[in-house]
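Shown next, in structure tokens, is the structure this report addresses.
In what follows, chains carry the letters A, B, and so on, assigned in the order in which the sequence lines appear, proteins first and then strands, with residues in each chain numbered from 1. Source: prediction; values computed, not measured.
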Amino acid sequence: MRITIDEAGIVDLASKEASWEEVLEYVIHEEGMDPWDIDVVKLADAFRTYVERLGTLDFKVPARLIIIAAALLHLKAEVLILEEEQKAAAAAQAGPPIDLSKIPELQVPVKRAPTRRVTLDELVGALEKAFRTQERRAGRIDRARERVEEVVGTEEQFDVMKKIDELFVRINDVVERLHSGTMPFSSLVPRWERKEIVQSLLGILHISNDGRVELQQEEPFKEIYVKIVEGNAREEKKSEEEHIDENEFVDVPDETPPQRKEEKPK
Amino acid sequence: MEVQKRALLEAALFQANKPLTLEEIAQVVALPQDEIERSLDELAAELRAEHRGVEILEVEGKYEMRVKPAHVQKVAHLTPHADLSRGLLKVLSMIVYKQPITQSDIVKTIGNRAYDYVKELTDRGLVRAEKHGRTKRLELTEQFMTYFGIRSRNDLIEMFRKQEADEAQAAPPTPSTDEKINGEDGVREVS
Amino acid sequence: MEVQKRALLEAALFQANKPLTLEEIAQVVALPQDEIERSLDELAAELRAEHRGVEILEVEGKYEMRVKPAHVQKVAHLTPHADLSRGLLKVLSMIVYKQPITQSDIVKTIGNRAYDYVKELTDRGLVRAEKHGRTKRLELTEQFMTYFGIRSRNDLIEMFRKQEADEAQAAPPTPSTDEKINGEDGVREVS
């Protein structure tokens with residue numbers, strides 16, 4: 001089909017009271033013109049010539065022509081966008097996978113690590129803490145001393161040596177009664193009262209410290225077992241009381257059976 | 001702005017270990033935010049003078065005083081180095097350069113370690129991961145911009161270009177650049 | 001000093017997180033040390049202006065840029081890292097409280113760590129140690145006063161007494177004071 005219409009012809013058509021859709025339909029379908037080939041610039045020029053020739057102006061004609069030009073521009077723009085998208089899609093599909101091996105490496109940003117001064121408040125806070133610790137420590141010692149004195153009496157009132165002697169008498173009593181070198185600490189305390197318990201414990205700790213008894217406690221706050229260390233039972237105590245007798249026996253070995261001693265007074 | 005407040009503004013920017021919002025500055029300086037903004041502009045202008053070594057950087061509405069980029073390399077050794085491992089940096093640079101990129105792209109290049117790296121980067125808020133089909137699409141966050149002290153990804157690409165050009169010209173890259181990075185891989189890569 | 005080197009001097013002092021020796025600065029700025037000393041004096045003089053928030057501090061031949069004592073309190077919350085550890089602060093407060101005190105007194109209270117702490121405090125010029133029999137007698141220095149921006153130890157004791165009086169009236173002390181300090185002991189002490 002031979003195209004017979006040009007831009008000036010379109011202006012003619014538009015001036016003959018056809019709507020803009022009709023004009024385009026005629027140009028494309030009847031004249032077989034590709035809208036892509038309509039030159040919008042030429043169209044504008046043709047319209048100017050038309051207006052000059054006419055002398056007067058019917059506003060419907062320019063309105064129609066502007067719509068026609070706009071519609072053409074829109075169509076052309078859409079075609080262009082579509083083409084671009086298709087190209088991009090093709091490139092994305094066909095192109096090689098992203099090559100990440102040759103990417104330059106980022107540099108770590110250089111960061112500051114600002115430090116600050118200790119504030120006066122913080123120093124005063126630390127001071128306060130130091131003061132409290134000191135106070136607490138002093139307080140603790142005072143309170144402990146008070147409590148000990150409350151229970152065991154002041155140093156002058158409580159004679160630990162006397163207590164040790166007393167305890168030894170008791171230990172030996174128990175050994176004699178039970179025929180055993182081990183006994184519960186509770187059996188050594190005359191009355192189960194705070195003061196007696198603490199004083200006895202102090203005494204037994206002294207004795208244990210001298211190595212004359214061994215103390216055993218399986219669990220905290222449970223019974224303490226007192227075991228006489230070999231050679232520290234009544235014999236040793238006796239050694240002071242019956243010193244002379246014992247020496248006699250040593251001097252007269254073998255023939256002198258121990259029971260002689262008991263028979264003697266008879 | 002009265003002298004005392006001006007001094008406080010400088011003290012705050014100097015002392016902070018992270019970029020400060022206008023609110024944070026306002027709390028210290030006790031002034032309305034618009035006045036602070038004006039003072040920040042003034043200060044920034046002063047710092048532009050050539051004899052000054054620091055500048056004010058604004059990223060995403062947060063302000064930071066930092067050494068001017070021109071001097072950074074010369075003073076970087078005076079500060080303990082940053083806390084991004086070599087592996088993390090590598091993944092980050094891939095995202096910078098090729099954004100938007102998917103997690104599977106990165107896995108293809110560096111293997112399964114990529115999953116851990118991506119997770120750490122998203123945990124640290126430097127990267128945003130969004131579902132994208134069966135994988136995730138990765139993008140840089142504002143926090144990334146703040147951390148690296150840049151305004152846009154293009155700043156970085158520019159830096160890359162410049163760096164490449166420098167390296168092409170000069171001798172092989174100085175080792176100090178690499179050593180500053182904490183390699184979690186243990187071995188230094190030969191480039 | 002040419003403008004570029006002046007900028008570098010500022011950048012170095014800004015960036016460093018510890019006091020710098022003249023040698024260290026000279027390496028960055030590439031100038032003879034006497035010239036650097038002169039420039040440091042100039043810079044320090046500039047910073048003395050009231051509208052500036054930082055200052056240059058010289059301690060035992062090392063230079064440091066610091067927030068001025070008058071502003072420390074207001075900006076301290078912007079970074080968590082104090083330049084004195086908790087242990088150092090403890091020893092320091094013992095000296096404030098009991099001055100003159102001997103090193104062995106401190107050892108008795110906190111154990112052998114005391115030797116290191118006392119050494120660091122004397123290195124930093126906050127404490128003076130003088131031989132005293134087999135041990136050392138410890139005293140606060142002028143530098144200590146400068147650091148805290150006070151005129152005398154009495155100022156401090158006064159503050160302390162005042163706070164105590166306040167607290168005796170009011171609620172128990174807030175724990176925040178302790179938490180701001182970097183505990184090198186790792187554990188917070190229970191008080």
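Comparing Lys74(B), Arg6(B), His71(B), Lys18(B) by heavy-atom pairs within less than 4.5 Å of chain C, the highest count is held by His71(B). Here Gln15(B) is the residue among Gln15(B), Glu2(B), Gln4(B), Glu24(B) with the most heavy-atom pairs under 4.5 Å with chain C. In terms of heavy-atom pairs under 4.5 Å with chain B, the best-connected choice from Val29(C), Asn17(C), Leu13(C) is Asn17(C). Note on Met65(B), Lys68(B), Arg66(B): by heavy-atom pairs under 4.5 Å with chain C, the leading option is Met65(B).
The number of heavy-atom neighbours closer than 6.0 Å to CD of Glu130(C), taken from other residues, nucleotides and ligands shown, is 12 or below. In this structure, Glu142(C) places its CD atom where only 12 or fewer heavy-atom neighbours from other residues, nucleotides or ligands lie under 6.0 Å away. Within 6.0 Å of NZ in Lys5(B) there are more than 12 heavy atoms belonging to other residues, nucleotides or ligands. In Gln33(C), the CD atom is crowded: over 12 heavy atoms of neighbouring residues, nucleotides or ligands sit closer than 6.0 Å. Within a 6.0 Å radius of CD in Glu46(C), more than 12 heavy atoms belonging to other residues, nucleotides or ligands are found.
Screening Val54(C), Val67(C), Val75(C) for a side-chain contact (heavy atoms from CB on, under 4.5 Å) with Glu10(B), the sole residue that qualifies is Val54(C).
For chain C, no part of Leu9(B) is nearby; none of its heavy atoms comes within less than 4.5 Å.
Between Gly53(C) and Ala11(B), the shortest heavy-atom distance links the atoms O-CB, 3.9 Å.
Put simply, OG1 on Thr79(B) and CZ on Phe14(C) are 9.5 Å apart, with the number rounded to the nearest 0.5 Å.
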